[in-house]
Amino acid sequence: MSKPSIPQGTRDFSADVVRKRNYIFSTIKNVFELYSFEPLETPAFENLETLMGKYGEEGDKLIFKILNNGLDNPDKEKQVREDFEKILQGKNTKGITERALKYDLTIPFARYVAMNHNKLTMPFRRYQIQPVWRADRPQKGRYREFTQCDADVVGSVSLLNEVELANIYHEVFMELGMKNYELRINSRKILTALAELCGGADKMIDITIAIDKLDKIGLEKVKEELQQRGLNEEQVNIIENYLNITGSNEQKLSAIKSLIGSLETGRQGVEEVEFVFAQTKNTSLIIDFTLARGLNYYTGIIFEAKAPQEVKMGSIGGGGRYDDLTGLFGVPNIPGVGISFGVDRIYDVLEELNLFPGNLQVSTKALFFNMGDAESRFAFGIMQQVRSKGIACELYHEAAKIGKQFTYAEKKNIPFAVIIGSKEMEEKSCPVKNLSSSVQEMVTFERLADYLKNL
RNA sequence: GUAGCCAUAGCUCAGUUGGUUAGAGCAUCAGAUUGUGAUUCUGAGGGUCGUGGGUUCGAGCCCCAUUGGUUACCCCA
């Protein structure tokens, strides 16, 4: 038997990590609830066809597929072999795999809305906090199992939704103490207009993939990549002008108007960005026309939340508007907009910047020392009374040396020791010792619960 | 999918041009101290050097393969 292990890109979370993660979850959840979103949970796995083709070509490759059961059934051998041939040719077939782990929360949500749209009160605002899986090669800030926190509004075209979502980002990151986070915003329509301006609407994806890398590889390399992707010199020049738009948000807006304002799509896109920007002066929104985002279902405003620059984590959240996501599931004309928080990356950032509050690790308030058989039986009774008042405590499991019990309490971060031996049983009071200050006080059994509660 | 780096005690790591019985710190356990810990002192346990093969009189060290981890590319939270 080899050493036990867990699959690459997955993690066990020990108590202190779980507590820190829960702190992030509850911060996000509280803000979602405050903005009147309702919870939803969907299955860990979906029918493969629900997910395939929704995330672009690369995305499809990263979907974790689940092997069908019963493939070893001798009666089906011929069919299974034929189906496997299709797999070898890069095709999917229900004969081998028909279910897959979910890749994000947006598409399962769209599927849910498509199935239930006539029961839902529109606009429908839902939030969802669940793990997702990607068959990606793990590296810094990238896991194969990670948790997303999504909030989406469907059934409304109002840009007020975008404004609210931007505020949610701001509120969450402020509460987490991540003051220097960045929220970047753009509109897919502006990118579409740029492609039109270049005379190749079909080149939209090539253009966006290339310009999205601007801050990473620089202007020259972007131009090279554009040429490799088949754009001619004139087209590259147009894009260069576009990428050279810099300055304050206001300056960028006026520059983009003169460049693509003549096109209808461009004008719409600029208006959207301008509206959201005007309504979110309280947040630190950055207009960034190079922001593209990979998921190809976005049609309007797109968001990307980035970690403070000093941590080199990149994207810690993203989202945007999609006009017709449920159309993929046969229910057209339900527009929506949503955002996502990447908890695992946020965790890494908070850890690196030392932003977790210090009081997350205290759960058990007192350790009752075990001073012998009869003594511990008695102490157990006292402890139960204390517990019934809602105070978490623990009785040491055996009559060990007192020093050992102190060490145990210290390691488990238990702040107080309660010592009940034969003397205390007679006197009906016991010492309560503060382990960090070494200060100790005699407290009657009657007052014990209240005393601990007020510490 | 492509490429680089790494793998020695529970953890972090030393380990010389290939040379006898592979070390340290921390952690653990026991004792000094049987009702008051964190400092100190003493002692103990703990290793198939990731795995398999090869070169050599001799391999933790060199070579090949393999597995796992990690970082980067692609893509993404």
Side-chain angles (χ1 to χ4, degrees), chain A residues 2-11 24 28 55-63 90 102-106 129-150 169 205 208-210 212-213 216-217 221 225 291-296 303-307 312-320 338-349 367 369-372 375 379 396 399-425 430-442:
Chain A
S2 55
K3 280 188 190 170
S5 63
I6 54 174
Q8 63 170 183
T10 66
R11 294 145 302 154
I24 301 174
I28 294 173
Y55 307 106
E57 210 177 310
E58 281 299 318
D60 281 357
K61 287 183 195 164
L62 299 179
I63 293 171
K102 66 176 174 239
Y103 177 90
D104 74 352
L105 302 180
T106 307
I129 300 178
Q130 287 192 276
V132 300
W133 293 268
R134 294 188 188 175
D136 210 345
R137 200 59 74 85
Q139 54 186 274
K140 180 175 171 154
R142 178 174 306 187
Y143 306 98
R144 299 183 113 180
E145 177 182 63
F146 62 99
T147 305
Q148 290 192 323
C149 303
D150 278 31
Y169 269 129
I205 289 176
T208 55
I209 288 175
D212 194 36
K213 296 178 189 167
K216 213 176 202 175
I217 63 177
K221 296 261 179 178
E225 179 152 349
L291 177 66
R293 296 194 53 75
L295 299 175
N296 52 16
F303 293 110
E304 181 151 302
K306 291 191 165 189
K312 289 184 182 164
M313 181 59 77
S315 179
I316 52 175
I339 57 169
S340 179
F341 288 87
V343 175
D344 304 77
R345 286 188 179 177
I346 291 171
Y347 180 99
D348 292 344
V349 171
L367 180 70
F369 277 29
N370 188 324
M371 307 306 288
E375 291 88 342
Y396 196 76
K401 278 200 210 163
I402 207 150
K404 195 168 175 179
Q405 304 194 40
F406 270 116
T407 311
Y408 177 80
E410 198 186 345
K411 281 207 179 135
K412 287 192 68 174
N413 250 322
I414 299 174
F416 296 96
V418 175
I419 302 170
I420 301 176
S422 47
K423 197 171 57 184
E424 286 77 11
M425 287 166 69
C430 58
V432 175
K433 183 166 182 176
N434 179 327
L435 295 198
S436 52
S437 68
S438 285
V439 174
Q440 151 171 330
E441 201 174 331
M442 289 300 289

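Every chain is numbered from 1, with letters handed out A, B, ... down the list of sequences. Predicted model only: the values in this text are computed from it and were never measured.
- Atom CD of A:Gln148 sits about 9.5 Å away from atom CG of A:Asp344, to the nearest 0.5 Å.
- Looking at heavy-atom distances under 4.0 Å, A:Asp136 makes contact with a base.
- Nucleic acid contact class of A:Ser340 (heavy atoms, under 4.0 Å, all strands): none.
- Within the 4.0 angstrom heavy-atom criterion, base atoms lie near A:Tyr143.
- Base pairing annotation: B:A22 forms no Watson-Crick or G-U wobble pair, as no partner gives both donor-acceptor distances under 3.5 Å.
- Pairing each heavy atom of A:Phe406 with each of A:Leu435, the nearest pair is CE2-CD2, 3.6 Å.
- Only the C1' atoms considered, B:A30 is 15 Å distant from B:G46, to the nearest whole Å.
- Considering only side-chain N and O atoms, A:Gln8 lies under 4.0 angstrom from the phosphate OP1 or OP2 of B:G69.
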Steps toward side chain to side chain contact (heavy atoms under 4.5 Å, CB included) verdict (A:Met425, A:Ile420): CA-CA 7 Å; A:Met425 287 166 69; A:Ile420 301 176; 4.2 Å; yes

Please list, for nucleotides 28-30 of chain B, all pairs of protein and nucleotide N/O atoms separated by less than 3.5 Å.
from, atom 1, to, atom 2, distance (Å)
B:U28, OP1, A:Lys411, NZ, 2.0

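- Dense packing is recorded around NZ of A:Lys213, with more than 12 heavy atoms of other residues, nucleotides or ligands lying under 6.0 Å away.
- B:U28 and B:C11 are spaced 11 Å apart, taking the C1' atom of each and rounding to whole Å.
- Within the nucleic acid shown, A:Ile419 comes within 4.0 Å of at least one base atom, counting heavy atoms only.
- Comparing the same atom, P, in B:G60 and in B:G18 gives a spacing of 13 Å after rounding to whole Å.
- The two residues A:Pro431 and A:Met442 come nearest to each other via the heavy atoms N-SD, 3.6 Å.
- Taking atom P in both B:G52 and B:C57, the straight-line distance is 23 Å, to the nearest Å.
- Interface remark: the A:Arg345 side chain does form a donor-acceptor pair with the B:C76 base, using a distance-only criterion of under 3.5 Å.
- Within the 4.0 angstrom heavy-atom criterion, base atoms lie near A:Gly421.
- Phosphate proximity of B:A77 to A:Gln148: absent, as no side-chain N or O sits under 4.0 Å from OP1 or OP2.
- Scanning atom types as modelled, no donor and acceptor separated by under 3.5 angstrom connect the side chain of A:Gln139 and the base of B:G69.
- Taking the six-membered ring for Trp and thresholds of 30 and 60 degrees, A:Tyr55 and A:Tyr103 have ring planes inclined between 30 and 60 degrees apart.
- When heavy atoms are screened at a 4.0 angstrom cut-off, A:Gly141 is found touching base atoms of the nucleic acid.
- Closest to the A:Ser422 side chain, of the nucleotides B:G35, B:A38, B:U2, is B:G35.
- Under a 3.5 Å cut-off, the side chain of A:Arg11 and the backbone N or O of A:Glu145 do form a donor-acceptor pair.
- Stacking is found between A:Phe146 and the pyrimidine-like six-membered ring of the B:A77 base under the 5.5 Å centre-distance and 30° plane-angle cut-offs.
- For a distance-only test at 3.5 Å, the side chain of A:Lys423 fails to qualify as a donor-acceptor partner of the base of B:G35.
- We find that CD of A:Glu304 is positioned 12 Å from C1' of B:C75, with the value rounded to whole Å.
- Among the atoms of the strands shown, none is found under 4.0 Å from any heavy atom of A:Thr106.
- Note on A:Lys213: only backbone sugar-phosphate atoms sit closer than 4.0 angstrom, heavy atoms only; bases stay farther off.
- Taking atom C1' in both B:C62 and B:G25, one finds a spacing of 30 Å when rounded to whole Å.
- For the P atoms, the distance linking B:C26 with B:U42 amounts to 12 Å, nearest Å.
- Residue A:Gln405 places no side-chain atom within donor-acceptor reach of the base of B:U36, judged by atom type and a 3.5 Å distance cut-off alone.
- Remark: the separation of the P atoms in B:U48 and B:A65 is 26 Å, to the nearest Å.
- The C1' atoms of B:G43 and B:G50 are separated by 32 Å, rounded to the nearest whole Å.
- A:Glu375 comes within 4.0 angstrom of nothing in the nucleic acid, heavy atoms only.
- For B:C75, its base sits under 3.5 Å from the side chain of A:Arg142 at one donor and acceptor pair at least.
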